[in-house]
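Comments concern the structure below.
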Amino acid sequence: MTRLAVVVGSTRSGRAAARVGEWVLERGRALVPSSVELDLVDLAEVGLPLLDEPAPAIRGEYVHEHTRRWSAIVAGYDGFVFVVGEHNHGYPASLKNALDHLFAEWNDKAAGFVGYGVHAGGAVAIEQLRVVLGELRVATVRTSVRLAVGVEVPVDGAVVAGERAERSLAMMLGELVSWAEALRGVREGVRS
Ligand SMILES: Cc1cc2nc3c(=O)[nH]c(=O)nc-3n(C[C@H](O)[C@H](O)[C@H](O)COP(=O)(O)O)c2cc1C
């Protein structure tokens with residue numbers, strides 16, 4: 001079984017992230033093979049405080065229970081779909097905080113993106129996130145989904161993605177599944 005998490009990155013009240021995450025989960029489950037499990041991981045439910053671990057995550061010396069809980073969640077997945085709303089040409093601080101809490105749990109895994117924003121479908125936020133994920137040894141796939149806030153992501157109500165977005169989602173998930181499965185071999189090689 002290959003396990004993928006749809007990570008809902010924005011935690012602010014009134015966020016669109018929860019609705020976009022639901023769309024990714026529902027459409028994504030219909031698109032991935034039956035050997036792939038797709039779950040929702042909502043950072044609002046994970047409830048991490050601002051990073052308060054005394055040692056850098058690369059040392060893996062977690063003193064807080066919330067970090068150990070987050071570590072167990074991330075360690076259980078082979079890959080991630082980051083749901084990324086654009087905040088001032090970046091991705092939400094809540095997502096950066098969640099990434100910074102861990103290190104080894106992200107290593108040699110794959111990620112894809114579903115971005116959304118009013119200007120360019122979250123494209124700038126996605127590109128920033130790729131840089132940070134590179135440092136965490138996460139391989140990011142080429143294709144991303146980019147949704148227009150106010151059109152495909154209404155201010156209220158469910159996502160109304162068109163054919164272009166549906167095609168991008170299918171392509172991104174295809175790339176993600178093959179890389180997530182290939183990188184499992186890399187992780188096993190690193191451990192042996
Ligand atoms: C603090 C903040 C900054 C924003 N900056 C941008 C931006 O730089 N580019 C953009 O396309 N949209 C921007 N927006 C609009 C967001 O993309 C839109 O509100 C989206 O719903 C945010 O994701 P969220 O609702 O899941 O938090 C911004 C929104 C917020 C709250």
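Values below: all heavy atoms of this structure, side chains included; hydrogens, waters and symmetry mates excluded. Everything numeric in this text was worked out from a predicted model, so none of it was measured.
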inquiry  = Has W179 got a side-chain atom pairing as donor or acceptor with A111's backbone, closer than 3.5 angstrom?
reply    = no
query = What is the distance from atom CG of L38 to atom CG of L31, rounded to the nearest 0.5 Å?
reply = 9.5 Å
key: hydrophobic_cluster_shared for V74 and I58, side chain cutoff 4.5 Å   = yes
key: salt bridge (charged side-chain N to carboxylate O under 4.0 Å, His left out) involving R27 - partner list, sequence neighbours excluded   = E166
query = So, are E65 and R68 salt-bridged, with charged N and O less than 4.0 Å apart?
reply = yes
task = For the pair E53 (side chain) and H101 (backbone), establish whether a donor and an acceptor sit closer than 3.5 Å, ignoring hydrogens and angles.
result = no
message = Working to the nearest 0.5 angstrom, can you tell me the gap between Q128 CD and L95 CG?
response = 11.5 Å
ask   = Would a distance-only check, ignoring hydrogens and angles, find a side-chain to backbone donor-acceptor pair under 3.5 Å from R164 to R146?
value = yes
inquiry  = Nearest 0.5 Å, please: how far is OG1 in T67 from CG in D52?
reply    = 6.0 Å
Value rounded to 0.5 Å, distance of CG in L4 from CG in L173 = 7.5 Å
query = Could you walk me through whether W23 and L147 pass the side-chain contact (heavy atoms from CB on, under 4.5 Å) check?
reply = CA-CA 11 Å; W23 175 76; L147 302 171; 4.1 Å; yes
query = So if you build clusters from Ile, Leu, Val, Met, Phe, Trp, Tyr with side-chain heavy-atom gaps below 4.5 Å, do L40 and V83 land together?
reply = yes
key: Check: S94 side chain, G9 main-chain N or O, donor-acceptor pair, under 3.5 Å   = yes
task = Mind running side-chain contact (heavy atoms from CB on, under 4.5 Å) on M172 and E175 for me, showing each step along the way?
result = CA-CA 5 Å; M172 181 273 283; E175 292 170 17; 5.6 Å; no
message = Would you say L133 ends up clustered with V8 if hydrophobic residues are merged whenever their side chains have heavy atoms under 4.5 Å apart, either directly or through other cluster members?
response = no
message = Quick test of your reading: applying side-chain hydrogen bond (donor to acceptor under 3.5 Å, both in side chains), list the pairs with at least one residue in residues 32-51, sequence neighbours left out, ordered by first then second residue.
response = R3-E37, R3-D39, R15-D42, D39-Y77
inquiry  = Working to the nearest 0.5 angstrom, can you tell me the gap between T143 OG1 and M171 CE?
reply    = 5.5 Å
message = Using only atom types and a distance under 3.5 Å, with no angle test, would you say the side chain of E152 pairs donor to acceptor with the backbone of A148?
response = yes
key: Residue pairs fulfilling side-chain hydrogen bond (donor to acceptor under 3.5 Å, both in side chains) with at least one residue in residues 106-115, sequence neighbours excluded   = D108-R137
ask   = Transitively linked via ILVMFWY side-chain contacts under 4.5 Å: V118 with V114?
value = yes
May I have the list of side-chain donor-acceptor pairs in residues 154-163 shorter than 3.5 Å, sequence neighbours left out?
| from | atom 1 | to | atom 2 | distance (Å) |
| --- | --- | --- | --- | --- |
| E163 | OE2 | R167 | NH1 | 3.1 |

task = Report the residue from T140, L99, V24 that forms a side-chain contact (heavy atoms from CB on, under 4.5 Å) with F82.
result = L99
Cluster link I73 to V6, ILVMFWY, side chain under 4.5 Å = no
ask   = Between V132 and K96, is a side-chain contact (heavy atoms from CB on, under 4.5 Å) present by the stated rule, with each step listed?
value = CA-CA 9 Å; V132 170; K96 181 69 162 66; 4.2 Å; yes
query = For A17, does its backbone N or O pair with a side-chain atom of Y116 as donor and acceptor, under 3.5 Å?
reply = yes
remark   = Separation between CZ (F113) and OH (Y91), nearest 0.5 Å, reads 10.0 Å
ask   = Is T2 close to R184 at the side-chain level, that is, under 4.5 Å between some pair of heavy atoms?
value = yes
message = I want to check something: taking the side chain as every heavy atom from C-beta on, are V84 and P92 in contact at a cut-off of under 4.5 Å?
response = yes
key: Minimum heavy-atom distance V41-A5, with the two atoms named   = CG2-CB, 3.8 Å
note = Nearest heavy-atom contact between D100 and A57 is O-CB, 3.7 Å
Which atom pairs, one a donor and one an acceptor, fall under 3.5 Å between side chains of residues 119-127 and the rest of the protein, sequence neighbours left out?
| from | atom 1 | to | atom 2 | distance (Å) |
| --- | --- | --- | --- | --- |
| E127 | OE1 | R130 | NE | 3.2 |
| E127 | OE2 | R130 | NE | 3.3 |

Intermediate values then yes/no, side-chain contact (heavy atoms from CB on, under 4.5 Å), L176 and F80 = CA-CA 8 Å; L176 179 59; F80 309 91; over 6 Å; no
task = State which residues pass ring pair (Phe, Tyr, Trp, His ring centres under 6.0 Å) with H64; sequence neighbours excluded, sorted by chain then number.
result = H66
N/O donor-acceptor pair under 3.5 Å between S178 side chain and G174 backbone = yes
message = Using modelled atom types and a 3.5 Å cut-off, is there a donor and acceptor pairing between side-chain atoms of E105 and backbone atoms of A72?
response = no
